[in-house]
Amino acid sequence: MENSAKNGIELLGAKTGNCIRAAIALEEVSATYSVRKIRLHSGEHKTAGYLDLNPSGQVPTLIDHNQGEQPLVLAQSNAIIFYAAEMQPDTILPVSDPRERARALERFFFFITDVVVPSNTAFLLERFGDAAGAAVLYQRSIAALAVAETYLGQHPYMAGDRFTVADIPAVTIISSMSSNIDWSQHSLLNRWYEQLMARPSVTAGMHAFD
Ligand SMILES: N[C@@H](CCC(=O)N[C@@H](CS)C(=O)NCC(=O)O)C(=O)O
């Protein structure tokens, strides 16, 4: 991987859930950024140049070249989402209303810890041959969607009357699990999902690494 000097904000990644979440957040706050595709299949994320930026050897990584002499490097998708939120305060993360903000954070972390993490861990277990362990974790993440259905019984978005950070992990993980969801049990989720998939920031984020 080349580490040539660049301008502006670069998002390095591939077409994976963690990278798409970061891209949706940047799109939602109308950030100007460029995408640098990292070739996971050829191990580009394990090269010395990339590991200098992201010691985990994982994607995504954001480089903001506009932050003084040293670029700012972020190597965690969720940190990138909150960095994007701070570019346009009170857009995807409420600022003025403490209740609204707390609810957005509560539901953001619900999706990360109770849906995304078990689902991603299930994927890894399956790859390493533990089909039974994988099934338990997939089942846990699917079952957690009943909670999301209750959120939508109160408001049109996951954390209230407007799109927030909470909707970002929700839409990417539900998109990857969609063929395993019994939509007849999740009618509010179904309506929300169709609406979200037509949202310009989500469409752009989903295709950022095509
Ligand atoms: N905690 C990290 C996890 C990143 C992560 O797991 N990235 C995956 C793709 S979604 C990856 O790079 N996998 C390749 C590898 O681990 O070798 C984040 O949220 O950014």
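Count residues from 1 along the sequence. Just follow the structure's listing: the first ligand is 1, and inside any ligand the first atom is 1.
Looking only at protein heavy atoms, the nearest one to atom 7 (N) of ligand 1 is Val59 O, 2.9 Å. Closest protein heavy atom to atom 1 (N) of ligand 1: Gln76 OE1, 2.7 Å. In terms of protein heavy atoms, atom 16 (O) of ligand 1 is closest to Gln58 NE2, 3.0 Å.
Close to ligand 1: Pro60, with a non-hydrogen atom less than 4.0 angstrom away. Leu40 does not count as a contact of ligand 1, since none of its heavy atoms falls under 4.0 Å from the ligand.
The shortest N/O to N/O separation between Thr16 and ligand 1 does not fall below 3.5 Å. Checked by distance only, ligand 1 and His45 come closer than 3.5 Å through their nitrogen or oxygen atoms. Not one N or O of Asn78 is nearer than 3.5 Å to an N or O of ligand 1, by distance alone.
Scanning Ala22, Ala79, Ser77 for the heavy atom closest to atom 20 (O) of ligand 1 points to Ser77.
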Next on the checklist: Show, in sequence, the C-alpha distance, side-chain angles and deciding distance for Tyr138 and Glu126, and conclude whether the side-chain contact (heavy atoms from CB on, under 4.5 Å) test is met.
Outcome noted: CA-CA 10 Å; Tyr138 270 131; Glu126 204 162 46; 3.7 Å; yes

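The Asn18 neighbourhood of ligand 1 comprises atoms 3 (C), 4 (C), 5 (C), 6 (O), 7 (N), 10 (S), 19 (O), with distances under 4.0 Å to a heavy atom of that residue. For ligand 1, the atoms lying closer than 4.0 Å to a non-hydrogen atom of Lys46 are 15 (C), 17 (O).
By the ring-ring contact (aromatic ring centres under 6.0 Å, His included) test, Phe109 pairs with no residue at all, sequence neighbours left out. Here Tyr157 pairs with nothing under the ring-ring contact (aromatic ring centres under 6.0 Å, His included) rule; sequence neighbours left out.
By the 4.5 Å heavy-atom criterion applied to side chains, Met177 and Val115 are counted as neighbours.
Under the 4.5 Å side-chain contact rule for hydrophobic residues, Leu137 and Ile173 do not share a cluster.
The environment of CZ in Arg101 is crowded: more than 12 heavy-atom neighbours from other residues, nucleotides or ligands sit within 6.0 Å.
None of Leu26, Val29, Leu62 except one satisfies the side-chain contact (heavy atoms from CB on, under 4.5 Å) rule with Tyr83; the exception is Leu62.
To the nearest 0.5 angstrom, Ile181 atom CD1 is 9.0 Å from Ser141 atom OG.
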